[in-house]
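Structure first, commentary second.
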Amino acid sequence: MENSFDLIIIGGGPGGYVCAIRASQLGLKTAVVEKRPVMGGTCVNVGCIPSKALLDSSEHFFRALHGFADHGITADSVKIDVRKMMERKTRIVKELTDGLKYLMDKNKITVFQGSGRIEKAAPGSVTVKINELSTAITGKYCVIATGSEIIDIPNVKIDGKKIITSDHAIALEKIPEHLAIIGAGVIGLELGSVWRRLGSKITVIEILPDILMGLDRQMRELARRILEKQGMSFLFEQRVTGAQADKSRVNIQLEKKDGSKDILDADCLLVAVGRRPYTEGLGLPEAGIKLNARGRIEVDRHSLETSVPGIFAIGDVIEGPMLAHRAEDEGVMIAERIAGKAGHINYDTIPFIVYTWPEIAWVGRSEEQLTEAGIAYNTGKFLFRPNGRAKAMNEADGQVKIIADKKTDRILGACIVGPNASELIAECVLAMEFGASAEDLARTVHAHPTLSETVKEAALAVDRRSIHS
Ligand code: NAD
């Protein structure tokens, strides 16, 4: 097998495989070293994709139970076959990983299965040892795209059955009666939604005072109220100090902000307190690659080059939001720069999405962030309730908020809690990418009747002239 390349990428997740495809398109001889037997990383195998498959299945089930009657549809004995639901999820993952294999072959990218370790790093020549194959390959450049791994917490021992992580929560064999979740972040809310819709009682324990603390305050309060209405309960400003599982139950010890203690009993506990960069075994210190105090690889902000020339890092292993789409765009940028082109990524327009229902999506800055930065702004808001399409869909919950610079009217942020927010936010991202004003968005013709009219109405509302409110 060939062992000399222009570019070696360690990690075949969305950051790594997209970087590889772009590099190959630009004529670079490219290799990917991937530990898993298939490509796709956390996102495709145990993250974004399987969770979205389950979110979709559980949403269908919930609608059949609670939404059909209003449409005049009788569905008398609606049941969920968890095994079949999981089989569907597994099939979707397999189709995507097969698709990635096809893309690697099509683009003539060499994939080495095994864990890569940087052995030698000199300008213009990086040697990566592939442990399982006891072989070494060399590249002119190297990109570290090894992603992240789940964080656990002290005194809460993951056993994969009663005390679980997201890896297990996407593969449960039966519906837990009471699922307790540590962490009201993205994973807690998404997987909590899956199992809530299937009938579990959900209690989310969160150390901070609210869900999704990075989100605009008013919009996160709105999202939380909707989730509470759906039956999710939250214990805020509480910390889990320990948990013990026996065959059937989990006993969870809580400590409140004032120091008082409490006990929660559940039949399953999901730990969703974040992820840490995965840098183990890569030979980073030996190669002279520096980590910051938070264990993330230090890179130059613009070039994403590490402290060792010719070695770059992208995605979850460096500072910034742990999002597949960000890693993908960083991968494209690096490949283009290595190929001598002007690769670029705009960190101000990265969308964030939480796939609950309604969905929660945002881009740019929140009101709180702008206030803190001393930037004057106007906001325009529009509810989904008066929107004709939302009404036809029985989707009354949610709101769009556009935040624009007070002086220039340039859009500084947008947030949507509502049906299909994950798709609707793309328009706001594009508007911001082109430096649009709220007026630009408001004067753009939006098809009627569509949910996207709520975005136009919110933009109109920045100038206090929305039509339907
Ligand atoms: P997160 O950072 O989104 O949320 C973790 C939450 O746990 C935070 O609210 C935090 O305050 C809380 N927490 C931490 N320690 C705690 C403790 N001891 N007790 C109680 N609460 C505690 O992390 P996550 O939900 O685990 O997701 C991991 C990463 O994966 C995130 O970076 C996320 O962006 C990414 N992800 C993204 C998506 C998406 O984009 N839709 C989906 C899943 C995961």
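One-based numbering, in listed order, for ligands and for the atoms of each. Hydrogens, waters and symmetry mates are skipped; everything else that's a heavy atom, side chains included, is used.
Nearest to atom 28 (C) of ligand 1 among the protein's heavy atoms is Arg275 CG, 3.4 Å. Closest to atom 13 (N) of ligand 1, if we only count protein heavy atoms, is Val273 CG1, 3.9 Å. Counting only heavy atoms of the protein, atom 1 (P) of ligand 1 lies nearest to Gly185 CA, 4.1 Å. Counting protein heavy atoms only, atom 32 (O) of ligand 1 is closest to Met322 CB, 3.4 Å. Nearest non-hydrogen protein atom to atom 25 (O) of ligand 1 is Ile187 N, 2.8 Å. Closest to atom 12 (C) of ligand 1 among all protein heavy atoms lies Glu206 OE1, 3.2 Å. Of the protein's heavy atoms, Gly183 CA, 3.2 Å lies nearest to atom 7 (O) of ligand 1. Protein heavy atom nearest atom 3 (O) of ligand 1, with residue, atom name and distance: Val186 N, 3.3 Å.
Checked by distance only, ligand 1 and Tyr355 stay at 3.5 Å or farther apart across all their nitrogen or oxygen atoms. Looking at Leu208 next to ligand 1, no N or O pair under 3.5 Å apart turns up. At a 3.5 angstrom cut-off on N or O pairs, Gly274 counts as close to ligand 1. Between Gln238 and ligand 1, not a single N/O pair is under 3.5 Å apart. In terms of polar-atom proximity, defined here as any N/O pair under 3.5 Å, Leu323 makes no such contact with ligand 1. By the 3.5 Å distance cut-off applied to N or O atoms, Val354 is not counted among the residues near ligand 1. Checking only distances, Ile153 never comes within under 3.5 Å of ligand 1, N or O to N or O.
Remark: Glu457 engages no residue in a salt bridge (Lys or Arg N to Asp or Glu O under 4.0 Å) (not counting sequence neighbours).
Taking 4.0 Å as the cut-off, Ala272 counts as a neighbour of ligand 1 on heavy-atom distance.
Remark: Arg83 does not engage Glu173 in a salt bridge, criterion side-chain N to carboxylate O under 4.0 Å. Using a cutoff of 4.0 Å between basic side-chain nitrogens and carboxylate oxygens, Lys94 and Asp98 are scored as salt-bridged.
Classification of the Phe234-Phe236 ring pair by plane angle, with boundaries at 30° and 60°, yields parallel.
In this structure, a donor-acceptor pair under 3.5 Å is absent between the side chains of His60 and Ser57. For the residue pair Gln253 and Asn251, a side-chain donor N or O sits within less than 3.5 Å of a side-chain acceptor on the partner. Inspection of the Thr241 and Glu255 side chains reveals no N or O donor paired with an N or O acceptor under 3.5 Å. Counted by atom type alone, Asn292 and Glu319 present one or more donor-acceptor pairs between their side chains at under 3.5 Å.
Proximity of Ile182 to ligand 1, defined as any heavy-atom pair under 4.0 Å, is confined to the side chain (atoms from C-beta onward). Of all the heavy atoms of Glu190, the ones lying under 4.0 Å from any atom of ligand 1 belong exclusively to the side chain. When heavy-atom distances to ligand 1 are checked against a 4.0 Å cut-off, Leu212 has no atom that comes that close, whether in backbone or side chain.
Using a 4.5 Å heavy-atom cutoff, the side chains of Ile403 and Arg365 are not in contact.
When the heavy-atom distances from atom 20 (C) of ligand 1 to Ile207, Leu235, Ile353 are ranked, the shortest goes to Ile207.
Less than 4.0 angstrom separates some heavy atom of Ile205 from each of these atoms of ligand 1: 20 (C), 21 (N).
Checking each of His66, Glu59, Gln230 against Arg197 for a side chain to side chain donor-acceptor pair (under 3.5 Å) leaves exactly one that passes, namely Glu59.
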Pairs under 3.5 angstrom only: tabulate donor-acceptor contacts from the side chains of residues 345-355 to other protein residues two or more places apart or in another chain.
from, atom 1, to, atom 2, distance (Å)
Asn346, OD1, Asp348, N, 3.0
Asn346, ND2, Thr349, OG1, 3.4
Asn346, ND2, Glu433, OE1, 3.4
Tyr347, OH, Glu330, OE2, 2.6
Thr349, OG1, Asn346, O, 3.3
Thr349, OG1, Glu433, OE1, 2.8

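Heavy atoms from other residues, nucleotides or ligands lying under 6.0 Å from CZ of Arg385 number 12 at most.
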Could you go through the salt bridge (charged side-chain N to carboxylate O under 4.0 Å, His left out) check for Glu221 and Arg217 one step at a time? CA-CA 6 Å; Glu221 285 174 358; Arg217 175 200 278 265; 3.6 Å; yes
